[in-house]
Amino acid sequence: MTTQLNRTADRAFVVLSALAKGPATVTELARELHLNRTVVNRLLVTLQHHQLVASIDRKYQLSSGIRHLAAGVDPELRAHIATPMSKLADANSGVILFTVRNGIHSMVLTYLTPSSGTGVNINPDQNVRTPLVAAAHGLAMLAHTPSSIQRKALAEASTPDEITARIEQVRRDGIAVAPVGTGLLPLQEVAAPIIHPSGFADAAISLISTPDARNEDEIKAIVLETAGQISESLNQAQS
Amino acid sequence: MEVSQTTSAALNYLELLREHGPHASDDLASFTGEAIATAMRRLRTLERHGLVRQRSDRKWTLGPTLLYLASKTPEPLIEVSAEPITRLAQQMSCTVVLAKLAPPFFEIVLEQDGRGGGLRIEHLAGVQLELWQAPPGLALLGSLTPEELAEVEGRSEDPAIIADALQQLEQRGRIISPSRLIQDRIGIAAPILSESHGAALGSVTVSVPHESDEHLSNIAQHLLEAVHKIEQRVTETLPGFQPWITRLNDRRMSEA
């Protein structure tokens, strides 16, 4: 069953996202989002009422209420992944991603970029939802999600049979590997799921690097080991 | 103007999850007193924007988009200071800057140019400068620990600059001093003090060409009024300032 969305609230969140680009007047927002000024004004007043935006010098901007809410985003998870991610970054030249599942999409919770020039020049966008079937970290999670989620994700895939086979392979290997982006430099993502005692995975850790940067088996082993450490540390904290 | 009840009701779910942590849909619906179908509609709308996500254990939790939005949220000090600073710049037809303490440096976080002002904006926002070098930094000296003050003295070209600034701050709550960074400029600067413990959260500086003493006194009076307005807004917006106050208190604890 598909749940309908709240159209007005949906527009309010579009307005909120637009303000991430910087302060804007009601007129500027209305023009950019192709919305009526009165509608935009009302949505801003509502967001202001919840302290998510503030009005300064006739321009609206994101406000301190956002920081308050953001402090509640997976605080325990973020505390447990900081050290293992840092160690993984120190030992490898590449971008380390920690992603979480959002429905049939994934989102970057946090990431680490290499400190020295490695040729891996990507800046993960934390505001983007990527279909689970479209990235190694998504496949890593998809291999350990409830069947209802898998069905929905596969329904959106252009090659469901191929994705199903890859999910099976992730279950066998414990790890997912997939090429990344379409840049000049070929990159690959090696991802491992963070498995909960229930057997499900709502998060994954991955390393994006050049395919020849190191022996692939070695990279797979270290990513798998890091994912295992994080899973164990989280499970111990919850038990 | 009235708020959008639909949007407000959806935002209530964010506040619930912040306050009570991850919960299942029916728990959240019980909290709000809404039907589960209504709660689901609101949660799915929030989910579409990454503001919440549903885990495999069916519990909803706050989503990563909030971290992204937080990274794009201006500093609370700018938020509360922008309007009084803009007004001051326009009243005095001069350049006004807001600076933050980062010992042994200060950092300009906002520059505002008054219409018809004789000076240009230097576009120094985000740059760290030595505290002793210019009035925005000198106005913050009163909040340094003895060790930090000693370090600043060691880095300065003339300790008398620091002694003079501290004396002015103590006697008048503001300083009037030439800039050692930019030629032919005088800065009239005052610290923004936190009501709870008196530490400086930042400083406001009016920058002018060399002026008569009478004009400088007039600017200083308007400056102190603007700073007082900012301090009132700091008190009203206290939750947003908590991290700074905690950090400043920590420093004082370690000092003790």
Side-chain angles (χ1 to χ4, degrees), chain A residues 3-14 16-17 19-23 38 41-43 45-47 49-52 54 56-57 61-74 100-103 105 107-110 125-129 144-146 149 196 198 200-202, chain B residues 1-12 14-15 17-19 21-22 37-38 40-58 61-74 76 78-83 86-87 112 237 239-243:
Chain A
T3 307
Q4 295 285 314
L5 299 179
N6 285 133
R7 192 155 159 250
T8 311
D10 193 63
R11 283 175 168 174
F13 305 146
V14 170
L16 199 60
S17 290
L19 287 174
K21 286 184 249 171
T38 312
N41 205 16
R42 190 165 183 225
L43 296 176
V45 166
T46 310
L47 292 167
H49 179 71
H50 286 263
Q51 298 181 342
L52 301 183
I56 291 169
D57 203 18
Q61 63 180 41
L62 298 176
S63 179
S64 52
I66 297 273
R67 282 206 182 86
H68 175 71
L69 290 174
V73 179
D74 292 314
V100 291
R101 186 174 65 78
N102 177 262
H105 295 86
M107 294 188 79
V108 175
L109 185 72
T110 183
D125 194 336
Q126 288 179 291
N127 198 31
V128 167
R129 296 164 81 228
H144 302 275
T145 49
I149 303 290
H196 189 259
S198 64
F200 294 130
D202 290 329
Chain B
M1 178 169 281
E2 279 185 29
V3 299
S4 153
Q5 296 302 330
T6 315
T7 306
S8 194
L11 293 171
N12 286 340
L14 292 182
E15 283 158 20
L17 290 169
R18 175 68 179 91
E19 196 174 336
T38 308
M40 282 303 289
R41 194 158 59 241
R42 305 204 195 289
L43 289 162
R44 291 283 178 220
T45 308
L46 289 160
E47 182 189 40
R48 198 171 98 84
H49 293 271
L51 295 164
V52 299
R53 64 186 182 92
Q54 191 175 25
R55 307 186 314 199
S56 292
D57 62 4
R58 315 290 295 165
T61 185
L62 293 172
T65 294
L66 289 166
L67 294 175
Y68 167 78
L69 292 175
S71 74
K72 303 289 179 186
T73 303
I78 296 177
E79 199 175 300
V80 295
S81 306
E83 191 265 326
T86 302
R87 190 174 299 160
Q112 191 67 54
T237 328
F241 282 82
Q242 214 55 48

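Side chains are part of it too, since the values below use all heavy atoms of this structure and drop only hydrogens, waters and symmetry mates. Convention: sequence-line order gives letters A, B, ...; per-chain numbering from 1.
Between B:Thr65 and A:Asn102 there is no side-chain heavy-atom pair separated by less than 4.5 Å. Between B:Arg48 and A:Arg129 there is a side-chain heavy-atom pair separated by less than 4.5 Å. No side-chain heavy atom of B:Asp57 sits less than 4.5 Å from a side-chain heavy atom of A:Ser198. A 4.5 Å side-chain heavy-atom check between B:Gln5 and A:Thr46 finds every atom pair outside the cut-off. A:Asp74 has its side chain out of reach of B:Leu62: every pair of non-hydrogen atoms, C-beta onward, lies at least 4.5 Å apart.
The most heavy-atom pairs under 4.5 Å with chain A, out of B:Arg55, B:Arg53, B:Gln54, come from B:Arg53. Between chain B and the residues A:Val14, A:Asn127, A:Ile66, the largest count of heavy-atom pairs under 4.5 Å involves A:Asn127. Ranked by non-hydrogen atom pairs under 4.5 Å with chain B, the options A:Ala54, A:Ser63, A:Ala12, A:Gly22 are led by A:Ser63. Most heavy-atom pairs under 4.5 Å with chain B, from the set A:Val100, A:Leu109, A:Thr145, A:Thr110: that is A:Val100. Between chain B and the residues A:Lys21, A:Met107, A:Arg11, A:Arg42, the most heavy-atom pairs under 4.5 angstrom are made by A:Arg42. Most heavy-atom pairs under 4.5 Å with chain B: of the set A:His105, A:Arg101, A:His49, A:Arg7, this distinction falls to A:Arg101.
Looking only at distances, no side-chain donor or acceptor of B:Arg44 sits under 3.5 Å from a matching main-chain atom of A:Gln4.
Distance check: B:Thr45 OG1 to A:Leu5 CG gives 4.5 Å after rounding to the nearest 0.5 Å. To the nearest 0.5 Å, atom CG of residue B:Leu69 and atom CG of residue A:Leu52 are 9.0 Å apart. The line from CG of A:Leu16 to CG of B:Leu51 is 7.0 Å long, rounded to the nearest 0.5 Å.
A search for ring-ring contact (aromatic ring centres under 6.0 Å, His included) contacts involving B:His49 returns A:Phe13, not counting sequence neighbours.
Across B:Leu67 and A:Ala70, no two heavy atoms sit closer than the pair CD2-O, 3.7 Å. Here the shortest heavy-atom pairing between A:Ala71 and B:Arg18 reads CB-NH2, 3.6 Å.
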Report the C-alpha distance between B:Leu11 and A:Leu47 in whole Å, list the side-chain angles of each, state the deciding distance to 0.1 Å, and finish with yes or no for side-chain contact (heavy atoms from CB on, under 4.5 Å).
CA-CA 8 Å; B:Leu11 293 171; A:Leu47 292 167; 4.0 Å; yes
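For B:Glu47, the CD atom is densely surrounded, since the number of other residues' heavy atoms within 6.0 Å is greater than 12.
Contacts of B:Glu15 with chain A are made by both backbone and side-chain atoms, with heavy-atom separations under 4.5 Å. For B:Thr61, the part lying under 4.5 angstrom from a heavy atom of chain A is the side chain only.
Of the N and O atoms on the side chains of A:Asp202 and B:Ser56, at least one donor lies less than 3.5 Å from an acceptor on the other residue.
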